Amino acid sequence: MSRSYKIAVIPGDGTGPEVVAEALKVLRAAGSQYGFSLETTEYDLGGERFKRTGETLPDDVLDELRGYKAILLGAIGHPDVAPGILEKGILLKARFALDQYVNLRPVKLYPGVTTPLREKGPEDIDFVVVRENTEGLYGGMGGFQYKGTPNEVATQILCATRHGVERCLRYAFDLARRRPRKTLTLCGKTNVLTFAFDLWWRAFNEVGDADYPDVKREYAHVDATTMWMVKNPEWFDVIVTDNMFGDIITDLGAMIQGGMGIAAGGNINPGGVSMFEPIGGSAPKYTGKAVINPLAAVCAGAMMIDHLGERAAAAAIETAVMSVTATKLKSLDAGKMGYSTDQVGDLVVDALK
Ligand code: IPM
Ligand code: MN
């Protein structure tokens, strides 16, 4: 009997729907080969809905989302909507309300893909960033005083809790343990942020000593991390870090793995509903032109089914994507692939066979 998964699909804005369509095409092909199916329900969330109704992510929709096995998201972001409204109202609201406390971002250079790091190849760039996803500077603590006056004060508080930090660390240790090199690097700023990263540092060592003696621990300040990611990316296996630092270093990670055409991420609640997305955004100028690269969405889909336990199918999709990057695409960039968006989806489906 075939396994079936209820999936909420949020195609979203701009090129989101185009890339999600290709991801679903590939997932369904993998499903028929590996004996599972996806029962998808589309949700119309994003800039167009906001313009029409003023809604971002209404609470009743959020409650419905709790009923799915996972969520596949295309992109959120609309040129006519002020920055922050959709990001906070949809993406961050979902992350927080669904307690998706890990943002998981593989940084892997696939064969045939051009990296700006001149001397580095696929054997050098293969690590995963585990970004804390529900607190830190993103928690929303702080505010204004005397706003709009010469005495104005604005605070934005970095809140780290032992609970939030420890569960993120445990996720990262578990992941590091499953990888051949079993190495976990804490990326922080213990020399300046001496409260928050003191907590991170102590939790890192306590949890590591108590429960993960087999995982090798390393530490790098965030500024040094950006330097090593460019100079010696092969040093990294799993990096665990705070929300804001993770946001910044994963964009750098996306660039060294070939750009937004390939970078995927997951917002993970190991005991709840997780949400997977290509991290590139809605790319409004390419909308409807069939030039956007769907591989990031395809990879997000592979992460999703891996998370659902369809490990073999997820690995097969990754292998298929690698054969497409190695032997077919001229570039990963929009309009330069040598194929249209849907043709790239077809190439992955063919490579799966
Ligand atoms: C990301 C994005 C989001 C973030 C924005 C869109 C709110 O940059 O997923 O990294 O800052 O987390
Ligand atoms: Mn970001």
Side-chain angles (χ1 to χ4, degrees), residues 10-16 19-20 23 45-50 56-57 62 65 70-108 127-142 156-160 164 168 171-172 187 222 225-226 229 239-269 273-284 296-297 299-301 303-304 307:
I10 306 173
D13 296 317
T15 52
V19 298
V20 159
L45 299 171
E48 291 301 330
R49 176 167 180 167
F50 176 75
T56 47
L57 173 53
L62 183 60
L65 291 178
I71 304 166
L72 185 63
L73 171 72
I76 296 291
H78 196 291
D80 303 342
V81 180
I85 294 178
L86 302 171
E87 293 87 340
K88 277 193 162 173
I90 302 176
L91 195 58
L92 297 180
K93 183 170 175 180
R95 287 179 184 170
F96 281 73
L98 301 174
D99 204 20
Q100 294 163 340
Y101 64 84
V102 161
N103 192 308
L104 187 65
R105 299 215 172 149
V107 178
K108 185 165 174 178
F127 60 92
V128 183
V129 179
V130 174
R131 162 185 172 190
E132 200 292 318
N133 211 31
T134 51
E135 49 180 60
L137 280 167
Y138 279 67
M141 292 173 79
Q156 195 93 51
I157 294 169
L158 194 174
C159 175
C168 177
Y171 185 94
C187 162
V222 61
T225 301
T226 61
M229 278 173 69
I239 298 177
V240 63
T241 192
D242 134 279
N243 208 341
M244 186 81 256
F245 292 167
D247 178 49
I248 297 166
I249 69 169
T250 54
D251 267 22
L252 176 58
M255 287 303 118
I256 68 172
Q257 75 183 121
M260 291 303 181
I262 195 78
N267 301 276
I268 312 249
N269 176 343
V273 185
S274 301
M275 178 168 75
F276 298 83
E277 51 172 338
I279 73 173
S282 59
C299 292
M303 289 178 76
M304 179 177 80
H307 179 77

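Small disclaimer: the values here were computed from a predicted structure and weren't measured. Whatever order the structure lists ligands and atoms in, that order sets their numbers, starting from 1.
Other residues, nucleotides and ligands place more than 12 heavy atoms under 6.0 Å from the NZ atom of Lys93.
Here the heavy atom of the protein found nearest to atom 11 (O) of ligand 1 is Tyr138 OH, 2.6 Å. For atom 8 (O) of ligand 1, the nearest protein heavy atom (residue, atom name, distance) is Asp247 OD1, 3.3 Å. Residue, atom and distance of the protein heavy atom nearest to atom 7 (C) of ligand 1 are Glu87 CB, 3.8 Å. For atom 9 (O) of ligand 1, the closest non-hydrogen atom on the protein side is Arg95 NH2, 2.6 Å.
For the atom pair CZ (Arg131) and CG (Asn243), the distance works out to 4.5 Å, reported to the nearest 0.5 Å. Atoms OG1 and CD1, from Thr226 and Ile248 in turn, are 9.5 Å apart once rounded to the nearest 0.5 Å.
Only protein N, O or S atoms were considered, and those under 2.8 Å from the Mn ion (ligand 2) are Asp247 OD1.
What you find for Ile90 and Leu57 is that their closest heavy atoms are O-CD2, 3.8 Å. Between Thr134 and Phe96, the shortest heavy-atom distance links the atoms O-CE2, 3.0 Å. Of all heavy-atom pairs between His307 and Ser274, the closest is NE2-OG, 3.2 Å. The two residues Ala296 and Ala264 have their closest heavy-atom pair at O-CB, 3.4 Å. Smallest separation of non-hydrogen atoms from Arg95 and Asn133: CD-ND2, 3.3 Å.
At a 4.0 Å cut-off, at least one heavy atom of Arg105 sits close enough to ligand 1 to count as contact.
Proximity of Arg131 to ligand 1, defined as any heavy-atom pair under 4.0 Å, is confined to the side chain (atoms from C-beta onward).
The one candidate from Ile268, Asn269, Leu73 that meets the side chain to side chain contact (heavy atoms under 4.5 Å, CB included) condition with Met275 is Leu73.
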